[in-house]
Structures are given as structure tokens and as C-alpha cells.
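Questions regarding the structure given below will be posed in turn.
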Amino acid sequence: MKRTIVVPASYNGTHVGIIMDGNGRWASARGLPRTAGHRAGVRTARKIVEAATRANVATVTLYAFSSDNWSRPTPEVGALMRLLRRSLLIESKRCVENGVRLSIIGRRDRLPASLVVGIQEAEALTAHGRNLHLRVAIDYSARESIMQAAMLAGNEPMTREKFSRLLAEVNHDPFPIRDVDLLIRTGGEQRLSDFLLWECAYAEFYFTRCMWPEFTEHEFLTALSEFELRERRFGGIPAQAAS
Ligand code: IPE
Ligand code: IPE
Ligand code: MG
């Protein structure tokens, strides 16, 4: 099956993936319920998306809820689903004002119906945004996506480009998957937790002990400038050595 969707030129620059971790620990350290940490996390996400737009980042993918997060206590999962629904409603209006296109990646069949409707409305409302493509991963598992795409591929001859399109299809992404350039994880852990495994093949990593609710525009810009200094070789040799 052939998809002829062209990625808008403005989305072809830097892709930043963010594992927004540490909400629960941030809240517990303050004697607050974990859900207060998730609410604070939404405020940080808003600030960082605005900072990314100002910094001319092309694509941001935020990890909001992993497929493994269903294993958390039911009240926390319920609170997260309601928070996601409410945030989509509020944030999609801001996205329109800032020219941000919002896409939700991941499975939809296990989400509450009201959240699925919210996703469809937010995506339709923001579809014309060209300044930044904001992807939010909800009920997302990279391994699950890769397996699903492989099943769709069947015995067809495959290229990376074709496979990227299949991955986009299983994740409800309107465009073929783009490689992650910079992967930021807050909260002190140094792992991927099943996030964008295919797309991070040559990503640069920035890990910080800062809990997500405390992550600032300043630290985001620090991560970007550190990224600019990294030498990316993609298996080759340094440019000077080749001349
Ligand atoms: C990340 O923060 C948000 C989600 C996974 C929904 P956590 O909830 O994982 O916070 P910690 O890691 O327990 O502090
Ligand atoms: C990863 O964080 C998922 C999100 C940030 C949404 P987790 O807190 O679920 O990951 P682990 O359990 O530390 O690997
Ligand atoms: Mg965590």
C-alpha cells in the first residue's frame, strides 16, 4: 500500500524526543499526591513546547503514557486519562495560536472513548499548524509498534523508508516517522523505557536528574546547545579526518 503524504518542509529540522519523568517523585517529596505531580508536569510541557517553537525546533515527541503505565494503580491511571483529556482541550487552542500541529501517537483502542474523541478534535483543530509538529505518545510502546508494522509488512520487500511509513500508520502519525536527533530524559533514570526505539537509532542523549515539573526553558536550551556541540558521525569518520 502506498502513501504519498509529503512532510511539510518546516517539520524537517531537528526532532527532539522527551521522556517526561519524575512527576510522582517530585510530588511525593513535597507531601503531595502523585497526581499533583502530573498536573505540574502538564504546565512544564506547555512551557517547553512554547520554548521549542521559539527555538525553531521542527518536531517534538513527548512521552505522556507508556503501554506499561497501565500497570499503575487504577486511581492514578484514571486521573491521568482525565488529565490528558482536559489538557488536550485546553492546549489545542494554544497550539492553534502558536501554529503547532498536534498528533497523538500510540494505540487508541484501549483509551476511554471521551479521550479518543478529544484526540480527534485536537488533531482536526490543529491540522494547519506549520511552526512545530508536536507528537504526544499515549498508550505507546515502541516494541509493540515495530511488531505491528512488521506484521503489516508481511513478505513485501522492505526498505527503511517503507517501514517508517508502516510505523507511522500503526501509530496514527500523519507523516512517515522521522529520526530523533536529541532525546531528553528528566528524572535521573538513564533508559528508554520502550520509547521511539526505531527512531533513536542515532539520537544524541541528554539525561538530567531534574524532575519533570522543575525542568525549565533554560535547561531545555542548555540541552539544545549541548546537542549542537556533539559530533554526529552516523558510522562514518570525522569530517576533518576525511579530507
Ligand atoms: C512520568 O512521571 C509521567 C508518567 C509516566 C505518566 P512518573 O509518574 O513516572 O514519575 P516518577 O518516575 O514516579 O517520579
Ligand atoms: C516512562 O516513564 C514513561 C513516561 C514518561 C510516560 P516510567 O516512569 O513509566 O518508566 P520506568 O518505569 O522508570 O522505566
Ligand atoms: Mg517514572
Side-chain angles (χ1 to χ4, degrees), residues 10-66 69 80 83-84 87-88 90-91 94-95 97-103 105 129 131-138 140 142 178-197 199-232:
S10 56
Y11 300 162
N12 272 327
T14 308
H15 179 185
V16 181
I18 309 183
I19 302 178
M20 311 183 287
D21 198 23
N23 293 347
R25 279 166 287 163
W26 177 86
S28 303
R30 283 158 185 75
L32 299 168
R34 290 177 59 86
T35 46
H38 297 314
R39 282 198 301 276
V42 171
R43 292 194 287 276
T44 304
R46 177 188 306 146
K47 268 193 323 210
I48 299 307
V49 168
E50 289 180 355
T53 315
R54 282 193 290 275
N56 284 325
V57 169
T59 305
V60 171
T61 306
L62 300 178
Y63 206 4
F65 189 88
S66 78
N69 289 149
L80 277 166
L83 184 61
L84 286 167
S87 306
L88 275 180
I90 299 167
E91 303 307 327
R94 272 175 187 266
C95 287
E97 284 163 22
N98 295 325
V100 173
R101 178 172 187 157
L102 184 61
S103 302
I105 60 166
N131 292 339
L132 174 82
H133 187 203
L134 172 61
R135 307 190 317 152
V136 180
I138 301 178
Y140 175 86
R178 279 145 287 155
D179 278 357
V180 170
D181 297 295
L182 169 64
L183 189 280
I184 298 173
R185 180 168 188 151
T186 61
E189 316 296 353
Q190 303 192 1
R191 53 178 174 253
L192 281 174
S193 304
D194 206 7
F195 187 49
L196 305 178
L197 301 183
E199 297 88 326
C200 281
Y202 276 99
E204 298 292 331
F205 290 77
Y206 180 91
F207 294 113
T208 169
R209 301 174 94 78
C210 176
M211 300 293 147
W212 178 249
E214 288 184 320
F215 191 67
T216 58
E217 171 163 11
H218 179 261
E219 189 164 7
F220 178 67
L221 296 178
T222 303
L224 280 179
S225 41
E226 206 178 276
F227 164 73
E228 293 298 334
L229 295 175
R230 304 260 179 101
E231 185 180 66
R232 306 185 76 195

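Quick caveat, the model's predicted, so the values are computed rather than measured.
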Requested in this report: Working to the nearest 0.5 Å, report the span between OG1 of Thr208 and CG of Asp21.
Outcome: 11.5 Å

Requested in this report: Measure the CG-CG distance between Asn56 and Leu224 for me, rounded to the nearest 0.5 Å.
Outcome: 10.5 Å

Query raised in the report: Can you tell me how far the OG1 atom of Thr35 sits from the CG atom of Asn23, to the nearest 0.5 Å?
Result: 10.5 Å

Query raised in the report: Looking only at heavy atoms, which two atoms of Ala58 and Gly13 are closest? And how far apart?
Result: CB-N, 3.2 Å

Query raised in the report: Among all residues two or more places apart in sequence or in another chain, which pass the salt bridge (charged side-chain N to carboxylate O under 4.0 Å, His left out) test with Arg232?
Result: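 So Arg232 forms a salt bridge (charged side-chain N to carboxylate O under 4.0 Å, His left out) with Asp181, Glu204.
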
Query raised in the report: Going by heavy atoms in the side chains, are Asn98 and Leu132 under 4.5 Å from each other?
Result: no

Report task. Using a 4.5 Å cut-off on heavy atoms from C-beta on, say whether the side chain of Arg185 contacts that of Arg191. Result ->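 Heavy-atom side-chain distance check passes, below 4.5 Å.
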
Query raised in the report: Short question: side chain of Trp212, backbone of Gly41 - any donor-acceptor pair under 3.5 Å?
Result: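 Checking the backbone N and O of Gly41 against the side chain of Trp212, a donor-acceptor pair under 3.5 Å is found.
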
Query raised in the report: How would you list, by chain and number, every residue that makes a salt bridge (charged side-chain N to carboxylate O under 4.0 Å, His left out) with Glu231, sequence neighbours excluded?
Result: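 Checked Glu231 against salt bridge (charged side-chain N to carboxylate O under 4.0 Å, His left out); matches are Arg233.
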
Query raised in the report: Taking all atoms of both residues into account, what is the closest heavy-atom pair of Tyr63 and Ser193, and its distance?
Result: OH-O, 2.9 Å

Query raised in the report: Nearest heavy-atom pair of Arg25 and Gly187: which atoms, and what distance?
Result: NH1-O, 2.8 Å

Query raised in the report: Side chains of Asn69 and Leu80: does their closest heavy-atom pair fall under 4.5 Å?
Result: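 Of all side-chain heavy-atom pairs linking Leu80 with Asn69, none is under 4.5 Å.
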
Query raised in the report: Is the backbone of Asp179 close enough, under 3.5 Å, to the side chain of His15 for a donor and an acceptor to pair up by distance?
Result: yes

Query raised in the report: What distance do Thr44 atom OG1 and Phe215 atom CZ have between them, rounded to the nearest 0.5 Å?
Result: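 Answer rounded to 0.5 Å: 9.5 Å.
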
Report task. Can you tell me which residue pairs pass the salt bridge (Lys or Arg N to Asp or Glu O under 4.0 Å) test with a partner in residues 35-52, sequence neighbours excluded? Result -> Arg46-Glu91, Glu50-Arg94

Requested in this report: Might you point out which heavy atoms bring Leu62 and Phe195 nearest each other, and give the distance in Å?
Outcome: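 It is C-CZ, 4.3 Å.
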
Query raised in the report: So do the side chains of Leu192 and Phe205 get within less than 4.5 Å of each other, counting heavy atoms only?
Result: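 The answer is yes, as the side chains (C-beta and beyond) meet within the 4.5 Å cut-off.
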
Query raised in the report: Taking atom CD1 of Ile48 and atom CD of Glu219, what is their separation to the nearest 0.5 Å?
Result: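 With rounding to 0.5 Å, CD1 (Ile48) is 9.0 Å from CD (Glu219).
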
**Report entry** side chain to side chain contact (heavy atoms under 4.5 Å, CB included) partners of Ser28, counting only residues at least two apart
**Finding:** Arg34

Requested in this report: Over all heavy atoms of both residues, which pair between Ala27 and Gly37 is shortest? Give the atoms and the distance, please.
Outcome: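 Looks like CB-N, 3.6 Å.
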
Query raised in the report: So do Leu88 and Leu102 actually touch side chain to side chain, heavy atoms under 4.5 Å?
Result: yes

Query raised in the report: Between Ala40 and Pro213, what is the shortest heavy-atom contact and its length?
Result: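 For Ala40 and Pro213, the tightest heavy-atom pair comes out as CB-CB, 3.8 Å.
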
**Report entry** Val180 and Thr61, any side-chain heavy atoms less than 4.5 Å apart
**Finding:**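 Thr61 does not reach Val180 side chain to side chain.
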
Requested in this report: Please examine the side chains of Thr14 and Phe227, heavy atoms only from C-beta on, and report whether any two atoms are closer than 4.5 Å.
Outcome: yes

**Report entry** Stepwise side-chain contact (heavy atoms from CB on, under 4.5 Å) check, Val136 with Phe65
**Finding:** CA-CA 9 Å; Val136 180; Phe65 189 88; over 6 Å; no

**Report entry** Listed partners of Ala142 passing side chain to side chain contact (heavy atoms under 4.5 Å, CB included), at least two apart
**Finding:**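 Applying side chain to side chain contact (heavy atoms under 4.5 Å, CB included) to Ala142 gives Tyr140, Asp194, Leu197.
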
Query raised in the report: In chain order, what residues pass the side chain to side chain contact (heavy atoms under 4.5 Å, CB included) check against Ala223, with sequence neighbours excluded?
Result: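 Side chain to side chain contact (heavy atoms under 4.5 Å, CB included) list for Ala223, sorted by chain: Leu182, Ile184, Tyr206.
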
Query raised in the report: Measuring from Asn131:CG to Tyr11:OH, what's the distance to the nearest 0.5 Å?
Result: 8.5 Å

